[in-house]
K.L.:
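Dumping the structure here so I can ask a few things about it.
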Amino acid sequence: MSDTFSALRATEFARLDAGGHVYLDYTGSGLYAESQVRAHAQMLTSSVFGNPHSRNPTSLAATALVEEVRDRVHAYFQADPAEYEVIFTLNASHALKLVGESFGFEAGSRYVLTADNHNSVNGIREYAHCRDAEVRYVPLDADLRIADVHRHLEGADPEKANLFVFPAQSNFSGVKHPLEWIADAQSLGYDVLLDAAAYVPTSPLSLAEVKPDFVCVSFYKMFGFPTGVGALLARTDALHRLHRPWFGGGTVRFVSASSEVTMMHTTGRGFEDGTLNFLSIAAVRDGLDFVEGIGIERINAHVMALAEGLLAELKGMTHSGGAPMVRIYGPCTTEGRGATVAFNLLDPDGHVVDFKEVEERSSAAGVSLRTGYFCNPGAAEFAFEHADAEVSRCFGSMVPDFSLQRFSVCLNHKPVGAVRVSLGIASNEADVRALLAILEGFRDAHVPAPDEAMATA
């Protein structure tokens, strides 16, 4: 660990060691630096800000602050303000919903998405289905990558509104998909929505180099604070093709109750519902200052060095008889991936250890990690080798009395969840060692046989 990151751990994130915390859930949420909180508190205690939907002095101060942050977001992502609008949202999911509900799906349109998308992307398919558009999932290979995305994109009607969505980095496996897909899909008649929420906390994204039509981010995933603020970065020409099915305070220029006349804002303001979270938006500036002061490339090098060591350790873990202890889902090297690692433990007979047991022992030791599907059922289904017909049959057989345990039994005891570890700016080698010590505690331990597990369920 470099002196820079050791110093950051001891100063900006001293609360981790002081409280005995090992934090390994950066894909769930970043951690804020203490200096961010101090800077924000200083602003709040030295200024007065009012609702920005007015022209009084405190309102104008709030408006100026929001616009300053909007400019900072443009600059951070190298997004030309003449080409991209920054629309503040509650989070990345809210940004995705804005696109989904407003996109011009119709009969003959296509909605194409990779199988490893977050549920907030899967949810857009409901808008596509309601408007008779075709929905296509692009399958994953054994490494949870995609071999030939073009085959699934070809043949779209360029006269229709077609949308392609993929994560720059999978929140399940850490796989980084090629950003070259953006231009390829656009050349085949698609608007492209890039889910960058898991990517930008540790990787640079320049919208001067790649030009998706829409990009969504959550700032708390980037630098921990503020929560409840995200952004949709939308190309101006693509934004004009969206048509919102709803309006509210802040999104309209004029409304008449008696005549039911409505005039929407034609800029990004037409997508910012009600009064913006202007005080929290102000804290985005401090978060960007913190990240830029360190350098995103240095952050990436730091977390990937730790990920390389973690992957090597996990691959090398065996039971006394030589059987592997860990099954990694996704790439086993750092090539083309981020510092998010999903895996399950195996007993000496190759049976999967219940991820809940790993979570319980980790929590007891003060280690925060994530278990389950991670809101990414597609990646999970490919990782756990769930056949489509099996999933449909089992789900249908237990509605409304669904439970993951019964679901696993119906799937012949295939996994229904995994353990996910994700590294970030404050991670260090001691965190990795603490995790490995917990995993070592499962060496040579047998899990109940399937019949035995059913008897005790």
K.L.:
Please determine which of Leu345, Leu24, Leu369, Val341 meets the side-chain contact (heavy atoms from CB on, under 4.5 Å) test together with Val419.
P.N.:
Leu369
K.L.:
Are there more than 12 heavy atoms of other residues, nucleotides or ligands under 6.0 Å from atom CZ of Arg269?
P.N.:
no
K.L.:
Looking at the rings of Tyr329 and Phe382, which for Trp means the six-membered one, are their centres under 6.0 Å apart?
P.N.:
no
K.L.:
More than 12 heavy atoms of other residues, nucleotides or ligands under 6.0 Å from NZ of Lys211: yes or no?
P.N.:
yes
K.L.:
What class does the angle between the rings of Phe172 and Phe374 fall in, given that below 30° is parallel, 30 to 60° is tilted and above 60° is perpendicular?
P.N.:
tilted
K.L.:
In Å and rounded to the nearest 0.5 Å, what is the CG to CD1 distance from Leu140 to Ile146?
P.N.:
5.5 Å
K.L.:
Are the side chain of Asn91 and the backbone N or O of His94 linked by a donor-acceptor pair below 3.5 Å?
P.N.:
yes
K.L.:
Which of these passes side-chain contact (heavy atoms from CB on, under 4.5 Å) with Glu101: Arg244, Glu126, His243?
P.N.:
Arg244
K.L.:
Do Ser218 side-chain atoms and Lys221 backbone N/O form a donor-acceptor pair below 3.5 Å?
P.N.:
no
K.L.:
Work out which heavy atom in Pro226 is nearest to a heavy atom in Ser280; give both atom names and the distance.
P.N.:
CG-O, 3.1 Å
K.L.:
Mark yes or no for whether Asn277, through its side chain, and Leu90, through its backbone, hold a donor-acceptor pair below 3.5 Å.
P.N.:
no
K.L.:
Count the heavy atoms belonging to other residues, nucleotides or ligands that lie under 6.0 Å from CD of Glu308, then report whether that count exceeds 12.
P.N.:
no
K.L.:
Would Arg433 and Glu429 satisfy salt bridge (Lys or Arg N to Asp or Glu O under 4.0 Å), going step by step from the backbone distance to the final call?
P.N.:
CA-CA 6 Å; Arg433 290 196 299 271; Glu429 291 87 349; 5.7 Å; no
K.L.:
For Asn344 and Gly417, indicate whether the former's side chain and the latter's backbone hold a donor-acceptor pair under 3.5 Å.
P.N.:
yes
K.L.:
To the nearest 0.5 Å, what is the distance between CG (Leu8) and CD1 (Ile294)?
P.N.:
4.5 Å
K.L.:
Side chains of Asn117 and Thr114: do they bring a donor and an acceptor to under 3.5 Å?
P.N.:
yes
K.L.:
Verify the neighbour count for atom CD of Glu385: are there more than 12 heavy atoms of other residues, nucleotides or ligands below 6.0 Å?
P.N.:
no
K.L.:
Is there a donor-acceptor contact under 3.5 Å from the side chain of Glu359 to the main chain of Thr371?
P.N.:
no
K.L.:
Establish, from distance only, whether the side-chain atoms of Arg298 and Thr4 form a donor-acceptor pair under 3.5 Å.
P.N.:
yes
K.L.:
Is it true that the NZ or CZ of Arg241 lies under 6.0 Å from the centre of Phe214's six-membered ring and within 45 degrees of the ring axis?
P.N.:
no
K.L.:
Counting only N and O atoms by type, is there a donor-acceptor contact under 3.5 Å from the side chain of Asn300 to the main-chain atoms of Thr202?
P.N.:
yes
K.L.:
Classify the ring geometry of Tyr190 against Phe164: parallel below 30°, tilted from 30° to 60°, perpendicular beyond 60°.
P.N.:
perpendicular
K.L.:
Please confirm whether the ring centroid of Phe384 lies under 6.0 Å from the ring centroid of His386.
P.N.:
yes
K.L.:
Would Glu67 and Arg70 count as a salt bridge (Lys or Arg N to Asp or Glu O under 4.0 Å) if you check the C-alpha gap in whole Å, the side-chain angles of each, and the deciding distance to 0.1 Å?
P.N.:
CA-CA 5 Å; Glu67 294 310 310; Arg70 210 185 299 272; 3.1 Å; yes
K.L.:
Using only atom types and a distance under 3.5 Å, with no angle test, would you say the side chain of Arg9 pairs donor to acceptor with the backbone of Ala426?
P.N.:
yes
K.L.:
From Asp213 CG over to Thr236 OG1, what is the distance, rounded to the nearest 0.5 angstrom?
P.N.:
11.0 Å
K.L.:
Within this structure, what is the CG-CG distance for the pair Leu98 and Asp273, rounded to the nearest 0.5 Å?
P.N.:
6.5 Å
K.L.:
What do you reckon, is CZ of Arg327 surrounded by more than 12 foreign heavy atoms closer than 6.0 Å?
P.N.:
no
K.L.:
Please answer whether the main-chain N or O of Val99 pairs with a side-chain N or O of Ser102 as donor and acceptor at a distance below 3.5 Å.
P.N.:
no
K.L.:
Evaluate Asp3 against Ser6 for side chain to side chain donor-acceptor pair (under 3.5 Å), listing each step before the verdict.
P.N.:
CA-CA 5 Å; Asp3 291 342; Ser6 294; 5.3 Å; no
K.L.:
Looking at Asp431 and Asn428, would you say the former's side chain and the latter's main chain have a donor-acceptor pair under 3.5 Å?
P.N.:
yes
K.L.:
Which value, rounded to the nearest 0.5 Å, describes the distance between Leu314 atom CG and Leu436 atom CG?
P.N.:
6.0 Å
K.L.:
I'd like to know whether OH of Tyr32 has more than 12 heavy-atom contacts from other residues, nucleotides or ligands below 6.0 angstrom.
P.N.:
no
K.L.:
OG of Ser363 to NZ of Lys356: how many Å apart, nearest 0.5 Å?
P.N.:
13.5 Å
K.L.:
Is Arg131 positioned over the aromatic face of Phe105, cation under 6.0 angstrom from the ring centre and no more than 45 degrees off axis?
P.N.:
no
K.L.:
Are a donor atom and an acceptor atom from the side chains of Glu12 and Ser35 found within less than 3.5 Å of each other?
P.N.:
yes
K.L.:
Angle class for the Phe166/His177 ring planes (parallel below 30°, perpendicular above 60°, tilted otherwise)?
P.N.:
perpendicular
K.L.:
Could you please spell out the steps behind the salt bridge (Lys or Arg N to Asp or Glu O under 4.0 Å) verdict for Arg72 and Glu292?
P.N.:
CA-CA 11 Å; Arg72 287 294 308 280; Glu292 289 180 325; 2.7 Å; yes
K.L.:
So do the side chains of Leu311 and Arg337 get within less than 4.5 Å of each other, counting heavy atoms only?
P.N.:
yes
K.L.:
Could you check Asp25, Asn376, Thr27 and say which one makes a side chain to side chain donor-acceptor pair (under 3.5 Å) with Arg420?
P.N.:
Asp25
